[in-house]
Enquirer: 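First the structure, then my questions, so here it is.
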Amino acid sequence: MARPTQARLNLDALRHNVKLAQSLAPQSRLMAVVKANAYGHGALAMASALEPYSDAMAVACIEEALELRESGIKAPLLLLEGPFEPAELAVAAANNFWLMIDNERQLKWLEQARLTAALHCWLKIDTGMHRLGFAPQRCAELFHHLSNMPQHRGSPVLCTHFASADEVDPRGTEQQLACFASACAGLKAERSAANSPGLLAWPQSHYEWVRPGYMLWGNSPFGSRSQVNADQLRPVMTLESAIISLRDVPSGSAVGYGGSWVAQRPSRIATVAIGYGDGYPRNAMNGTPVLVKGQRAALAGRVSMDMITVDVSDIDAVNIGDPVTLWGEGLPIAEVAEHAATIGYELLTRMPLRTPRVVTGSSTTGAPNN
Ligand SMILES: *Cc1c(COP(=O)(O)O)cnc(C)c1O
C-alpha cells in the first residue's frame, strides 16, 4: 500500500472562496494572487481553476509568470516585486506580463527600454509599509510620467499594500487609506489596495482592483479570531495521513526524540506517517491539535522527519490505518500555526514537493466570468 500522506485540494472550496471574494467586492476587478506556487497548493492547478473568475493574476517574479504562461494560462500576469533586471522588460512585453514599478531603478529601465510592444505597469506607492514603493508626494508626477511614456500602455494602476489590515487595531490601516486617498486625489486612475484582510474587513479599500491571495485558499488571515466574512471561507487544502503504529505506554514513559513528552498516565500512542519532511512544522509543540477519525487528539513528542506521535488515549477504538487530518477541513491551519509560533501562510508556502497534491472537486468547465 502507498504511503497515506497527501495534501488533498478541493476545487469546489476554491471556487466557493473566489465567489465569496467577488461577492464582497462586486464593483472591483479581481486579481488572484498565485505567487509561491499558489501558496504551496500548486500554481498551475490553482491558476487554471481561478482563471475563469479572475481579471488578472499576480505572481512574485518573471520565472513564476513564465511557468504559468508556458502552461497555457492566458490572463494578464502582474509581477508583484517588479523587474529585477532590464532584460525582463522585453520578455514581459512579449508575454503580456504587467510590471509593478516601485523604485527609481525600475523606472529608468522602462525609460530606456526599446520594446516591440508597450508595457502596462502598476505604480507602487509607499503609504506606510516602508518596504517598497514611491513616496506618496510623487504619485501624481509619476502617474503622468508613465501615462505619457511611449514604452507604457494606458495609465498605470496606482497601488499600495497594507501592513496591518489583519490586526485588531484599525489605526495603521486607516492612516494608510488616508495617505493613499490623498496621493491619488484628482487623478483619473484605477487604484488597488486590498489584500485578503483588506477585501474581507475593509470595504473602503476595494477600489477598482482587489488582490486576494491567502483567502482564496480558504484560510482566515485573521488567524483563529472570528471575522464575519472570513468565517465563510472553506479550506482548499486538507493535509492527511494515517496511523501506522499503535502502542500502550505506562505512566512516566518518554516518547520520541529527546523524550520531550512524558506520559502523565497510562497512554495510548499513535504513530502517524507525516513529519517535517512532508511540511508538518517541526516546532509544533506538544498539545498541537490533530484530528484522528475526525476527533481531536494532541501531538505528543517531537516531530520527526517522516512521523509524528499522537496521544489517542481519549479516542475510542483507534486502529492502524485510521485517517488523520493535520490541517484543513475540521481543523483550521491557523490553530496549528499558533502552536508552531508561525502563521498559516508560512506552513502552506513551505509545503515540500514530496507531499503529493491530489486535486478533487468538480471540473472547472462552464465557470462564469463574474
Ligand atoms: C502577496 C500579496 C498580496 C496577497 O496578500 P494576501 O494577504 O495573501 O491576500 C497582495 N498584494 C501584494 C503586493 C502581495 O505581495
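Nothing here was measured: the structure is a model prediction, and the numbers come from that model.
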Enquirer: Looking at SG of Cys184 and CD1 of Ile125, how far apart are the two atoms once the value is rounded to the nearest 0.5 Å?
Expert: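 One finds 7.0 Å between SG of Cys184 and CD1 of Ile125.
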Enquirer: May I ask whether Val290 and Met285 are part of the same hydrophobic cluster, defined by side-chain heavy atoms of I, L, V, M, F, W, Y residues being less than 4.5 angstrom apart, directly or through others?
Expert: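 As far as the 4.5 Å side-chain criterion goes, Met285 and Val290 are not connected within one cluster.
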Enquirer: Indicate yes or no: at least one non-hydrogen side-chain atom of Leu146 is less than 4.5 angstrom from one of Ser155.
Expert: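 The answer is no; the side chains never approach within 4.5 Å.
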Enquirer: Within a reach of under 6.0 Å around OH of Tyr257, are more than 12 heavy atoms found that belong to other residues, nucleotides or ligands?
Expert: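 No, the 6.0 Å shell around OH holds no more than 12 heavy atoms from other groups.
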Enquirer: Would you call Glu104 and Arg138 a salt bridge, using N to O less than 4.0 angstrom?
Expert: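 Arg138 and Glu104: salt-bridged.
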Enquirer: Would the distance check show the side chain of Asn319 and the main-chain N or O of Asp322 forming a donor-acceptor pair, the cut-off being under 3.5 Å?
Expert: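 Answer holds: no.
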Enquirer: State whether the side chain of Asn195 and the backbone N or O of Pro212 hold a donor-acceptor pair below 3.5 Å, judged by distance alone.
Expert: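 Side chain of Asn195 to backbone of Pro212, a donor-acceptor pair under 3.5 Å: no, none is there.
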Enquirer: Step by step, would you call Ser220 with Gln227 a side chain to side chain donor-acceptor pair (under 3.5 Å)?
Expert: CA-CA 8 Å; Ser220 171; Gln227 199 276 343; over 6 Å; no
Enquirer: Rounded at 0.5 Å granularity, tell me how far CD in Glu174 sits from CG in Asp169.
Expert: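 So the CD of Glu174 and the CG of Asp169 are separated by 8.0 Å.
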Enquirer: Could you tell me whether the side chains of Thr360 and Asn10 share a donor-acceptor contact shorter than 3.5 Å?
Expert: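 No, no side-chain donor-acceptor contact under 3.5 Å.
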Enquirer: Quick one: closest heavy-atom pair of Phe222 and Ala165, and the distance?
Expert: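 Taking every non-hydrogen atom into account, CE2-O, 3.8 Å.
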Enquirer: Looking only at atom types and distance, does a side-chain atom of Ser241 sit under 3.5 Å from a main-chain N or O of Val272, one as donor and one as acceptor?
Expert: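 Not a single qualifying donor-acceptor pair exists.
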Enquirer: Please report the interatomic distance CG(Leu177) to OH(Tyr207), rounded to the nearest 0.5 Å.
Expert: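 Output value for this atom pair is 5.5 Å.
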Enquirer: Between the side chains of Arg268 and Asp311, is the shortest nitrogen-to-carboxylate-oxygen separation below 4.0 Å, so that they form an ion pair?
Expert: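 Here Asp311 does not pair with Arg268 in a salt bridge, since their nearest N and O are not under 4.0 Å apart.
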Enquirer: Nearest heavy-atom pair of Asn283 and Ala340: which atoms, and what distance?
Expert: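 Closest pair (atom of Asn283, atom of Ala340, distance): ND2-O, 3.1 Å.
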Enquirer: Hey, is CZ on Arg171 packed in by over 12 heavy atoms from elsewhere, all under 6.0 Å?
Expert: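 Counting neighbours around CZ of Arg171, 12 or fewer heavy atoms of other residues, nucleotides or ligands fall under 6.0 Å, so no.
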Enquirer: To the nearest 0.5 Å, what is the distance between CG on Asn219 and CZ on Arg234?
Expert: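 These two atoms lie 13.0 Å from each other.
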Enquirer: I'd like to check Pro266 versus Pro250 (side-chain heavy atoms, cut-off strictly below 4.5 Å). Are they in contact?
Expert: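 No - every pair of side-chain heavy atoms lies 4.5 Å or more apart.
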Enquirer: Linking I/L/V/M/F/W/Y whenever their side-chain heavy atoms sit closer than 4.5 Å, directly or via other members, would Leu331 and Ile315 fall into one cluster?
Expert: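 Per the 4.5 Å side-chain linkage, Leu331 and Ile315 are co-clustered.
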Enquirer: Taking 4.0 angstrom as the limit, do Arg131 and Asp102 come out as a salt bridge?
Expert: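 No salt bridge links Arg131 with Asp102.
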Enquirer: Just to verify, which of Leu80, Leu79, Val33, Asn37 counts as forming a side chain to side chain contact (heavy atoms under 4.5 Å, CB included) with Val59?
Expert: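 The single option meeting the side chain to side chain contact (heavy atoms under 4.5 Å, CB included) with Val59 is Leu79.
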Enquirer: For Leu200 and Leu24: C-alpha separation, side-chain torsions, deciding distance, then whether side-chain contact (heavy atoms from CB on, under 4.5 Å) applies.
Expert: CA-CA 7 Å; Leu200 290 162; Leu24 291 171; 3.8 Å; yes
Enquirer: Between His161 (side chain) and Met129 (backbone), is there a donor-acceptor pair under 3.5 Å?
Expert: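 Pair absent, no side-chain N/O of His161 close to backbone of Met129.
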Enquirer: Evaluate the side-chain contact (heavy atoms from CB on, under 4.5 Å) criterion for residues Leu68 and Val34: first the C-alpha distance (whole Å), next the side-chain angles of each, then the deciding distance (0.1 Å), finally the verdict.
Expert: CA-CA 10 Å; Leu68 290 177; Val34 294; 3.8 Å; yes
Enquirer: Specify the closest pair of heavy atoms between Ala273 and Ile244, including all atoms of both residues, with the distance to one decimal.
Expert: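 Smallest heavy-atom distance, with atoms named: CB-CG2, 3.9 Å.
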Enquirer: Going through the checks in order, is the side-chain contact (heavy atoms from CB on, under 4.5 Å) test met by Leu78 and Phe97?
Expert: CA-CA 6 Å; Leu78 174 66; Phe97 298 160; over 6 Å; no
Enquirer: Taking atom types as modelled and ignoring hydrogens, do the side chains of Ser28 and Glu208 form a donor-acceptor contact shorter than 3.5 angstrom?
Expert: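 There is no such pair (donor and acceptor under 3.5 Å, judged by atom type) between the side chains of Ser28 and Glu208.
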Enquirer: Check Arg357, Arg354, Arg350 against Asp278 for a salt bridge (Lys or Arg N to Asp or Glu O under 4.0 Å) and give me the one that passes.
Expert: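 Of the listed residues Arg357, Arg354, Arg350, the salt bridge (Lys or Arg N to Asp or Glu O under 4.0 Å) partner of Asp278 is Arg354.
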Enquirer: Less than 4.0 Å between a side-chain N and a carboxylate O, is that true for Arg296 and Glu335?
Expert: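 Looking at Arg296 together with Glu335, the answer is yes, because their closest N to O distance falls below 4.0 Å.
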Enquirer: Using modelled atom types and a 3.5 Å cut-off, is there a donor and acceptor pairing between side-chain atoms of Glu64 and backbone atoms of Ala36?
Expert: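 Checking the backbone N and O of Ala36 against the side chain of Glu64, a donor-acceptor pair under 3.5 Å is found.
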Enquirer: Would you name the heavy atoms of Ile269 and Ala300 that are closest together and state the gap between them?
Expert: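 Nearest heavy atoms, Ile269 then Ala300: CD1-CB, 4.4 Å.
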Enquirer: Is a donor on one side and an acceptor on the other found under 3.5 Å between the side chain of Glu240 and the backbone of Pro323?
Expert: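 Such a contact is absent between Glu240 side chain and Pro323 backbone.
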Enquirer: Flag the pair Val236 / His41 as yes when at least one side-chain heavy-atom distance between them is below 4.5 Å, and no otherwise.
Expert: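 In contact.
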Enquirer: Is the closest side-chain heavy-atom distance between Leu110 and Leu89 below 4.5 Å?
Expert: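 Leu110 reaches Leu89 side chain to side chain.
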Enquirer: Once rounded to the nearest 0.5 Å, what's the spacing between atom CH2 of Trp98 and atom CG of Leu77?
Expert: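 Nearest 0.5 Å value for the CH2-CG distance: 9.5 Å.
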Enquirer: Can you tell me how far apart CG (Leu50) and CZ (Arg15) are? Round to the nearest 0.5 Å.
Expert: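 Separation between the atoms: 9.5 Å.
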Enquirer: List the atom of Ala13, the atom of Pro235, and the distance in Å for their closest heavy-atom pair.
Expert: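 Closest heavy-atom pair between Ala13 and Pro235: CB-O, 3.5 Å.
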Enquirer: Let me check something: do Ile343 and Met215 share a hydrophobic cluster, defined by ILVMFWY side-chain heavy atoms less than 4.5 Å apart, either directly or through other members?
Expert: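 Linked, Ile343 and Met215 end up in one cluster.
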Enquirer: Identify which one of Thr127, Thr160, Asp126 satisfies the side chain to side chain donor-acceptor pair (under 3.5 Å) criterion when paired with Gln176.
Expert: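 Single pass found, and it is Thr127.
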Enquirer: Check for a donor-acceptor pair, side chain of Asp55 on one end and backbone N or O of Leu30 on the other, with a separation under 3.5 Å.
Expert: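 Yes, Asp55 side chain to Leu30 backbone: donor-acceptor pair under 3.5 Å.
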Enquirer: Testing the basics here: between Arg265 and Asp314, what is the closest heavy-atom pair and its distance to 0.1 Å?
Expert: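 Where Arg265 meets Asp314 most closely, the heavy atoms are NH1-OD1, 3.1 Å.
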Enquirer: Verify, without hydrogens or angle tests, whether Ser267 (side chain) and Ala263 (backbone) share a donor-acceptor contact under 3.5 angstrom.
Expert: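 No; judged by distance alone, with no hydrogens or angles, the pair does not exist.
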Enquirer: Can Thr342 and Leu347 be said to form a side-chain contact (heavy atoms from CB on, under 4.5 Å), step by step?
Expert: CA-CA 8 Å; Thr342 185; Leu347 296 184; 3.8 Å; yes
Enquirer: Are more than 12 heavy atoms from other residues, nucleotides or ligands located less than 6.0 Å from atom CD of Gln27?
Expert: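 No, not enclosed.
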Enquirer: Decide, yes or no, whether a salt bridge links Glu81 with Lys35 under the criterion of side-chain N to carboxylate O below 4.0 Å.
Expert: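 Salt bridge: no.
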Enquirer: Would you say that Trp122 contacts Arg211 through its side chain, given a criterion of any heavy-atom pair below 4.5 Å between the two side chains?
Expert: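 Trp122 reaches Arg211 side chain to side chain.
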Enquirer: Tell me whether Arg69 contacts the main-chain N or O of Asn95 through its side chain, where contact means a donor paired with an acceptor under 3.5 Å.
Expert: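 Indeed, once roles are kept as given, a pair shorter than 3.5 Å links the two residues.
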Enquirer: What I want to find out is whether Glu111 reaches Lys108 closely enough, with some N-O distance under 4.0 Å, to be called a salt bridge.
Expert: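 Here Glu111 does not pair with Lys108 in a salt bridge, since their nearest N and O are not under 4.0 Å apart.
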Enquirer: So do the side chains of Trp209 and Leu158 get within less than 4.5 Å of each other, counting heavy atoms only?
Expert: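 When only atoms from C-beta onward are counted, Leu158 and Trp209 do not touch, as no gap falls below 4.5 Å.
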Enquirer: Closer than 4.0 angstrom, basic N to acidic O: yes or no for Glu190 and Arg29?
Expert: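 Yes, charged N to carboxylate O under 4.0 Å.
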Enquirer: With the 4.5 Å side-chain cut-off for hydrophobic clustering, are Leu291 and Val318 part of the same group?
Expert: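 Yes.
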Enquirer: On the 0 to 90° scale, with breaks at 30° and 60°, tag the Tyr39-Trp217 ring pair as parallel, tilted or perpendicular.
Expert: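 Tyr39 and Trp217: tilted rings.
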Enquirer: Does the side chain of Gln112 reach to within under 4.5 Å of the side chain of Pro86, using non-hydrogen atoms?
Expert: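 Side-chain contact under 4.5 Å: no.
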Enquirer: Do Leu239 and Thr325 have side chains that approach each other closer than 4.5 Å (heavy atoms only, starting at C-beta)?
Expert: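 Contact flag for Leu239/Thr325 side chains = no.
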Enquirer: Can you tell me how the ring of His120 sits relative to the ring of His152, calling it parallel under 30°, perpendicular over 60° and tilted otherwise?
Expert: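 Because their plane-to-plane angle lies in the 30° to 60° range, the rings of His120 and His152 count as tilted.
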Enquirer: If Ile, Leu, Val, Met, Phe, Trp and Tyr residues are connected whenever their side-chain heavy atoms lie under 4.5 Å apart, and connections chain through other members, are Val255 and Leu326 in the same group?
Expert: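 The answer is no; the residues belong to distinct hydrophobic clusters.
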Enquirer: Treating Ser253 as the side-chain partner and Val249 as the backbone partner, does any N or O pair qualify as donor plus acceptor under 3.5 Å?
Expert: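 Flag not set: sc Ser253 to bb Val249 has no pair under 3.5 Å.
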